Amino acid sequence: MALQSVFVIIFVLFSCVNALSSNYYDQTCPDAESTIRQVVKKAMSNDKTVPAALLRMHFHDCFVRGCDGSVLLNSTKNNQAEKDGPPNISLHSFYVIDVAKKQIENMCPGVVSCADILALAARDAVTLSGGPYWAVPKGRKDGRISIASETRQLPGPNFNISQLQQSFSKRGLSLDDLVALSGGHTLGFSHCSSFRNRIENFDSKNDVDPSLDASFAANLKKICPVKNTAKNAGATMDTTTFLFDNAYYKLILQKKGLFSSDSSLLTNSRTKTLVSNYANSQHDFFKAFADSMIKMSSINGSGQEIRHDCRFVN
């Protein structure tokens, strides 16, 4: 009986993982992808920060409870949701998903999940910013559970390579995936709080992280002084903020990675080799990023429904 139960569990898990398909909506909602792409494109024309926001939102969704759209749910009087967890306070552009969902619901009510819309929007954000295109596997269901405290599971900007490896491994992602997906930092901006540990009181011997380029660190200190009062003070993640490219890896090699987690990629022989490879070949980076995004976006969630409104359970 026990052996039979094991086979049943394996079959269920196998079925869930393989339920995703790149042509999932070809018959039931054929215009879903083009609709989402147009919504993302329009949002980008009004706000250049949208691509980074959507990509980060998708990462944060998949790393907590799998890719089930739980990051989109609003908090209620009885529950604080993921979007209000400390690492997610700065997430924004949820309206892009709302607009896309509303348009798709008018065309194909109750067919396309919010989780799939987010996965597709993140892909389009990358592609429309000059990055690679990949066929997104679809067929995710939306989750009903979203708990703010579970956002503690997200890998932090201060993680070392061992912590990063453990976090990714728990989700079935390899060291190669870690390096490729870290390249998503080519888009976006970070507030001082995420890298302040590197530019003041670093350790008992150093005020500044010695693994940082000195002039780069000095500039960060000017942007984020000790008694900083500017609410939105911070730095861009690389020198081509709104372009998806391989500049991020070149900066890491120059000791100009913004986060401790970025610099930690140079502390392991395998990850250091990949950083060098991607710094030298944008083509290799794009291919690896697309492959790893497909893998990450397929992390099985616990979703069971298609939400009619991405911010609320049915």
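For clarity, every value in this text was computed on a predicted model and none was experimentally measured. Numbers for residues simply follow the sequence, beginning at 1. Quick note: numbers below take in every heavy atom, side chains included, and nothing from hydrogens, waters or symmetry partners.
One hydrophobic cluster, built from ILVMFWY side chains closer than 4.5 Å, holds both Val71 and Val99. Phe286 and Val179 end up in the same hydrophobic cluster when Ile, Leu, Val, Met, Phe, Trp and Tyr side chains are linked at under 4.5 Å. Placement of Val50 and Phe242 in two distinct hydrophobic clusters is found when ILVMFWY residues are connected by side-chain heavy-atom separations under 4.5 Å, directly or transitively. A single hydrophobic cluster is seen to contain both Leu266 and Leu181, as judged by linkage of ILVMFWY side chains at heavy-atom distances under 4.5 Å, directly or through other members. Met296 and Leu20 fall into different hydrophobic clusters, where Ile, Leu, Val, Met, Phe, Trp and Tyr residues are linked whenever their side-chain heavy atoms come under 4.5 Å apart, directly or through other members.
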**Request:** In sequence, state the C-alpha distance, the side-chain angles, and the governing distance for Asp291 and Lys295, and then conclude on salt bridge (Lys or Arg N to Asp or Glu O under 4.0 Å).
**Result:** CA-CA 6 Å; Asp291 289 345; Lys295 191 173 174 182; over 6 Å; no
**Message:** Before you tell me yes or no, could you show the steps for Lys221 and Glu200 under salt bridge (Lys or Arg N to Asp or Glu O under 4.0 Å), namely the whole-Å CA-CA distance, both residues' side-chain angles and the distance that decides it to 0.1 Å?
**Reply:** CA-CA 8 Å; Lys221 271 181 165 289; Glu200 62 180 65; 5.8 Å; no
**Request:** Evaluate the salt bridge (Lys or Arg N to Asp or Glu O under 4.0 Å) criterion for residues Arg37 and Asp31: first the C-alpha distance (whole Å), next the side-chain angles of each, then the deciding distance (0.1 Å), finally the verdict.
**Result:** CA-CA 10 Å; Arg37 186 179 181 87; Asp31 295 326; over 6 Å; no
**Asked** Glu150 and Arg65: salt bridge (Lys or Arg N to Asp or Glu O under 4.0 Å), yes or no, with the steps?
**Response** CA-CA 9 Å; Glu150 292 185 350; Arg65 291 187 171 270; 2.7 Å; yes
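Under the 30°/60° scheme for interplanar angles, the aromatic rings of Tyr278 and Phe285 are found to be tilted.
Note that Lys83 lies in the cation-pi zone of Phe94, set by a 6.0 Å cut-off to the ring centre and a 45° limit from the axis.
Remark: of the listed residues Leu164, Ile252, Ile161, Ile161 is the sole one forming a side-chain contact (heavy atoms from CB on, under 4.5 Å) with Thr271. Paired with Arg196 under the rule side-chain contact (heavy atoms from CB on, under 4.5 Å), one option of Cys192, Ser193, Ser194 passes, and it is Cys192.
Between the side chain of Thr186 and the backbone N or O of Gly183 there is no donor-acceptor pair closer than 3.5 Å. One N or O on the side chain of Arg307 and one on the backbone of Gly143 form a donor-acceptor pair closer than 3.5 Å.
In summary, the side chains of Thr151 and Asn88 do not present any donor paired with an acceptor at a separation below 3.5 Å, with no hydrogens or angles considered. With 3.5 Å as the limit, one finds a donor-acceptor pair spanning the side chains of Ser263 and Arg198. A donor-acceptor pair shorter than 3.5 Å can be found between the side chains of Ser297 and Arg140. If you check the side chains of Asn78 and Thr76, you find no donor sitting under 3.5 Å from an acceptor. With 3.5 Å as the limit, one finds a donor-acceptor pair spanning the side chains of Asp177 and Ser174. In the model, Asp116 has a side-chain atom that pairs as donor or acceptor with a side-chain atom of Tyr25 under 3.5 Å.
To the nearest 0.5 Å, atom OG of residue Ser75 and atom CD1 of residue Ile147 are 11.0 Å apart. Between Glu33 atom CD and Ile117 atom CD1 the span is 11.5 Å, to the nearest 0.5 Å. With rounding to the nearest 0.5 angstrom, the CG atom of Asn197 is 4.0 Å from the CG atom of Asn158.
For Ile104 against Cys29, the heavy-atom pair with the smallest separation is CG2-SG, 4.1 Å. Here the closest non-hydrogen pair linking Ser129 and Leu187 is CB-CD2, 4.2 Å.
For the ring-ring contact (aromatic ring centres under 6.0 Å, His included) condition, no pair includes a residue of residues 103-130, sequence neighbours left out. Every pair passing side chain to side chain donor-acceptor pair (under 3.5 Å) that includes a residue from residues 93-110 is listed here, sequence neighbours excluded: Asp98-Arg311, Lys101-Glu105. Residue pairs meeting the ring-ring contact (aromatic ring centres under 6.0 Å, His included) criterion with at least one member in residues 165-205, sequence neighbours excluded, are Phe63-Phe168, His185-Tyr248, His185-Phe259, Phe189-His191.
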